[in-house]
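Naming convention: chains lettered A, B, ... in sequence-line order (proteins, then strands); numbering from 1 in each chain. As the structure is a prediction and not an experimental result, all values here were calculated from the model.
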Amino acid sequence: MLHSLALKNLRGKPGRTAVLMILTALLALTVISGTIIVSSLRSGLSSLEDRLGAEIMVVPYEATTKKSFENILLQGSTGYFYMDKSVMDQVSETEGIGELSAQFYLASTSSGCCSIPVQLIGFDPETDFTIQPWIRRSFNEPLKENDIVIGNDLNAFVGDTLQFYGVDCRVAAKLEKTGTSFDTTVFTGFDTIKKMTRASIDKGLNTYKGVDPEAVVSCLLINTSDERSPEEVVNDTNLHNKKVRAVRTKEMISGVSDSLGGVSRIVGILMAAVWVLGGVILLLAFTMSVNERKKEFAVMRVIGASRGLLARTVMSEALAVGLFGSLIGIALGLFIMLPFAGAAEQLLAMPYLLPSAGKTAALAAAALAVSVLTGALTAAVSAYRISRLDTGVILRGDN
Amino acid sequence: MVLKGEGIAKEFIREGRGTNRFPAVSDTDIELAPGTLTVLSGRSGSGKTTLLNMLSGLLPPTRGRVLLGEQDLYSLPDRELSRLRNEKIGVIPQGQTAIHSLTVSENILLPCALYGKPDKSAEAYAAKLMEQLDIAPLAGVRPSELSGGELRRMAIARALIRRPEIIFADEPTGDLDDENTAAVFDFLRSTAHEGAAVLVVTHEASAGDYADRQLVMKAGKIDI
């Protein structure tokens with residue numbers, strides 16, 4: 001009866017109830033949206049760290065000055081740069097190298113020879129330690145000649161044939177979503193990418209005339225052994241190899257990490273502001289609602305309601321409003337945040353990976369708890385006041 | 001069961017005047033016996049409603065005790081006193097006292113619903129009270145659609161639904177016409193006949209015709 005009284009009280013004042021529900025919905029919407037954004041950015045950064053997969057990258061010196069390699073890896077731009085393959089032998093002699101593998105970059109074009117303009121990355125299946133462990137999650141077989149593995153955002157499916165510079169390639173696997181530029185990248189073995197490069201040179205479609213695909217690589221990926229720190233290996237490599245530059249991947253993504261911190265702070269401040277504002281308005285709304293019905297609460301005391309019962313009636317109303325409002329807010333938040341993740345990624349220009357279904361459910365539950373609890377806390381003030389109501393004085397004052 | 005007020009007094013603090021207290025009711029003794037209807041009259045501000053609220057367990061006195069049988073009401077914790085009020089004391093407050101989100105029938109049954117679910121006998125008794133008070137056709141109507149007299153009769157039914165031993169009525173005919181006034185006093189009289197102790201605070205001159213005893217309050221004291 002008490003719960004139905006609370007619901008009837010809410011139904012009896014639809015305008016007031018709607019305002020309270022909109023406020024709690026707004027609160028829940030802000031909390032769920034904010035937490036999904038922050039969580040997606042963190043997952044994106046973590047995914048980027050995982051995908052880079054090496055402690056050190058060695059690239060031609062001019063690639064660092066033009067920032068072209070950072071743009072390719074972090075911003076999703078397409079491009080290429082090359083250095084002499086002999087650099088690999090020189091670098092391999094550096095003390096403290098644990099794993100070393102080369103990659104070959106190529107950019108496809110939007111002209112008729114290519115199905116889609118994307119970044120193409122070739123790896124050496126013999127030495128690769130960054131791409132293959134990841135590919136194996138989707139495709140646990142060695143790549144054959146002309147086989148490619150495509151990023152999750154590319155509009156093709158396993159078994160499809162894509163053409164790059166006239167070379168027909170079979171999509172052997174589609175990778176899981178990473179929230180990074182790798183979602184629009186095509187990966188393949190050295191043999192296939194060199195075949196594409198030769199074809200592009202033959203067609204005169206790129207500007208690297210004179211490049212022999214067999215004699216160059218784009219970058220080297222290094223993991224250090226336990227004997228030396230990545231910092232020492234970077235310093236040593238840069239000291240002895242003037243035409244190339246070794247960069248710690250951690251430093252490379254520090255800019256992304258800083259931006260993420262900034263965005264997280266802004267989202268956090270926004271959430272806190274909405275939370276405080278929403279809380280204050282809810283407090284005022286509950287106070288007004290209870291004051292308006294002081295006489296009704298006095299009547300309930302007259303017919304034998306204890307102070308606790310009055311407080312529970314107010315709390316039941318607040319919890320009902322909080323629960324319905326929060327569920328609406330969370331549903332709306334998920335409806336906005338999940339389908340428009342791509343737009344959020346473009347807007348923020350940062351790695352952005354939506355949390356898993358389980359984590360999203362946990363975030364939704366936390367947002368529900370936060371907004372319902374906020375509503376309950378603000379109503380608790382009114383519940384306490386109404387439980388201290390001096391019935392005699394109120395009835396006397398009404399006379 | 002007899003309800004007694006022993007030396008009860010109530011002082012209020014005037015707001016905005018520091019610790020300036022004024023006595024609403026001075027040390028007063030009163031006894032309400034089963035089967036009697038007591039009428040308490042007096043000028044406005046003489047302390048009638050304050051005395052009624054103290055006797056009904058709604059307003060703790062500054063001094064003195066209120067005993068229901070041997071039980072000192074104000075020595076009970078709020079939960080027990082509320083339960084006791086719910087079961088043994090019926091109050092018809094002054095003014096309009098409906099819960100506006102409930103229908104007439106739900107308002108009347110509300111005292112039975114506070115600590116459980118109204119059973120069939122309560123529902124049947126509510127129907128009987130509404131019949132007796134001539135508001136049966138309004139059972140499913142919201143209070144906002146009722147007249148003053150209908151609201152007052154609804155409040156009477158609500159006060160009686162638990163078949164209380166003590167009934168307090170504060171100006172129960174305040175805004176009623178002569179016909180309705182007579183009907184209400186008739187009803188309270190018959191309730192007293194059935195064994196309840198009834199105290200009616202009223203300015204109505206005709207109330208004396210229904211009373212077993214008449215008391216007059218003057219400046220916070222009963223002038224017998």
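Within 6.0 Å of CZ on R63(B) lie more than 12 heavy atoms contributed by other residues, nucleotides or ligands. Within 6.0 Å of the CZ atom in F324(A), the count of heavy atoms belonging to other residues, nucleotides or ligands does not exceed 12. Within 6.0 Å of atom NZ in K177(A), more than 12 heavy atoms from other residues, nucleotides or ligands are found, so the atom counts as buried in its surroundings. Atom CZ of R307(A) sits in a crowded spot, with more than 12 heavy atoms from other residues, nucleotides or ligands closer than 6.0 Å.
Only the side chain of P93(B) has a heavy atom closer than 4.5 Å to any heavy atom of chain A. For chain A, the nearby part of A98(B) is the backbone; its heavy atoms alone come within less than 4.5 Å. Heavy atoms closer than 4.5 Å to chain A are found nowhere in F168(B), neither backbone nor side chain. Only the side chain of R158(B) comes within less than 4.5 Å of a heavy atom of chain A; its backbone N, CA, C and O stay farther away.
For the atom pair I108(B) CD1 and I303(A) CD1, the distance stands at 11.5 Å (nearest 0.5 Å). The structure places CG of L309(A) at 9.5 Å from CG of N86(B), a figure rounded to the nearest 0.5 Å.
Of all the listed residues (R79(B), R83(B), H100(B), R162(B)), the one sharing the greatest number of non-hydrogen pairs under 4.5 Å with chain A is H100(B). Interface check for chain A: of the options V91(B), D78(B), L84(B), the most heavy-atom pairs under 4.5 Å are formed by D78(B).
R85(B) places a side-chain N or O within donor-acceptor distance of the main-chain N or O of R301(A), the cut-off being under 3.5 Å. Under the 3.5 Å distance criterion, the side-chain polar atoms of K295(A) are matched with a main-chain donor or acceptor of Q96(B).
Annotation for L114(B) and A305(A): closest pair CD1-N, 3.5 Å, computed over non-hydrogen atoms.
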Verdict with supporting geometry, N9(A) and S101(B), side-chain hydrogen bond (donor to acceptor under 3.5 Å, both in side chains):
CA-CA 5 Å; N9(A) 280 338; S101(B) 55; 2.5 Å; yes
